[in-house]
Number of protein chains: 2
Amino acid sequence: MTAPVGASNGNAPEGYDKYAYEPFAVTVDLAVFTVRAGTLQVLLVERGQEPYAGRWALPGGFVLPDESAEEAAWRELAEETGVTDVPGLHLEQLRTYSEPGRDPRMRVVTVAFAALFPDAPVPHGGGDAAQAQWLRFNAIGPLAFDHDRILADAHERVGAKLEYTCLATSFCPPEFTLGELQQVYETVWGTPLDRPNFRRKVLATPGFVEQVPGAARLTGGRGKPAALYRAGGATALHPPLLRPTTEGRP
Amino acid sequence: MTAPVGASNGNAPEGYDKYAYEPFAVTVDLAVFTVRAGTLQVLLVERGQEPYAGRWALPGGFVLPDESAEEAAWRELAEETGVTDVPGLHLEQLRTYSEPGRDPRMRVVTVAFAALFPDAPVPHGGGDAAQAQWLRFNAIGPLAFDHDRILADAHERVGAKLEYTCLATSFCPPEFTLGELQQVYETVWGTPLDRPNFRRKVLATPGFVEQVPGAARLTGGRGKPAALYRAGGATALHPPLLRPTTEGRP
DNA sequence: ACAAAAGTGTTCTTGATACACCCATGG
DNA sequence: CCATGGGTGTATCAAGAACACTTTTGT
């Protein structure tokens, strides 16, 4: 029941006073991932005040009175990174965290989002983006609030999404090699993949990637130049590309 | 950033007045499904007041100051159905809907949940459960607020979850036949399945179901009595049980 | 005897896995 | 010429799809 009052079930609070209750603050928290140099990185900000002063935290902020959580998330992402209109940037709602004690100051309900950032563009620093920084996912100590859990949930979600969607291209620049795409999978999953099979799988999925006609690029300085690809129009991946040795994940 | 104020990014509102903003109401909405007599049914309540007076709506209500959204959802479910401690009942967070105009009276952010109810126990009526009723999913007209969308999202989620979890047993009574389990899949997905293959698939997944030793039951009055099964301990389904002709779902 | 529902077996095809192997480029 | 990374081919195996068939009950 959405209605705050006068709901047809008799359990909603009586009266219709907007201010009758201790107010809830509604915020968004963002788990922004990127893959750079073969490592998984997360965008974090350092807290200046108590509680958790000096700790790292997920970027985020209030949902303003006239915007949805999605709009707030996009706005915050732009403010933290200083980047607007990143092509191929993916942002999706993760879940909502509402435990009463999660912020010691007041009741804060946060809608968490997971975002995939392509490599390269403007990591941090410039402009009004205060001190947002990319940190290695594996080297992240305890975060403020319940952000460790949010980050873990986001990581699991991103890993799962790579299996059955074409989302991995959101981690890549507009043009990329199949080796780079494979590195995205290997970095997020933390497991090596068989190159020939990965290649077949990707190319056999219509609309996953499309080749840039004549282009080629040298990847590591050495070796044969690799063909370049762009993201195709497909979003789903059928059949899925499963993580190796996947037993009993809920 | 969870902090309402003094956050390390400069974008959070200044000051630390809990009442400085138009307050957000936080509610939960429940999409409760069951499979009865080969049809998919949804628990709905009829609204008594404006807006949307006389329309059907998802059951739900406020998140109280000292409970999480999950606790509120369990409480509302118990209140609407009059049932507590239903074994095998499954409830999970779906997503949060926060568009500013979704309730015309005030700003209401709702955390939506999807629940699977086993067949049979206490449909409605008794006790304080006002007028919650089971309606056929296929015969549901336009609902109040944005509940059509929430219900559609919940249905899609439930359908997807049947593919890769053992969740279907949550639709069944404690003891059930494989034919009944198959009917759950067919009802939710709306597609017929091959019985021999379904059977093999279910039995080949360790921990999905376990047979009740000597028991058997006559299903439709005629035919061979079917063996009875209980839900096993497993939660995940590897490899998944995919919907037929599944092309291009995001 | 027949219908209806449970349960078993078999074939065919697809997709995943694990390799071996060739190609192009820089040092 | 060799190390490095890109790209191709192939044999093997497990899983899913389709369907024929048997068994047990009620009418």
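A note on names: the letters A, B, ... follow the listed sequences, proteins ahead of strands, and every chain is numbered from 1.
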Under-3.5 Å donor-acceptor pair between A:R200 side chain and D:dT10 base = yes
query = Taking the side chain from A:Y229 and the backbone from A:L178, do they hold a donor-acceptor pair closer than 3.5 Å?
reply = no
ask   = Looking at B:K201, does any N or O in its side chain come under 4.0 Å of the phosphate oxygens OP1/OP2 on D:dG16?
value = yes
query = Roughly, in whole Å, what's the span from NZ in B:K224 to C1' in C:dC2?
reply = 18 Å
request  = Tell me what A:A227 touches on the nucleic acid: a base, only sugar-phosphate, or nothing, going by heavy atoms under 4.0 Å.
outcome  = sugar-phosphate
request  = Report yes if a donor N or O on one partner sits less than 3.5 Å from an acceptor N or O on the other, where the partners are the side chain of B:R195 and the base of C:dG7; otherwise report no.
outcome  = yes
request  = Report yes or no: does B:E186 contribute a side-chain atom to a donor-acceptor pair with the main-chain N or O of B:L193 at less than 3.5 Å?
outcome  = yes
query = Base, sugar-phosphate alone, or nothing: which one does B:P196 contact when heavy atoms must sit under 4.0 Å apart?
reply = base
key: Within 6.0 Å of CZ in A:R136, more than 12 heavy atoms from elsewhere   = no
ask   = With respect to the phosphate group of D:dT27, does any side-chain polar atom (N or O) of B:R222 fall under 4.0 Å of OP1 or OP2?
value = no
query = Out of C:dG15, D:dA18, C:dA24, which has the shortest distance to the side chain of A:P239?
reply = C:dG15
task = Please determine, by modelled atom types, if A:D153 and A:Y97 share a side-chain donor-acceptor pair under 3.5 angstrom.
result = yes
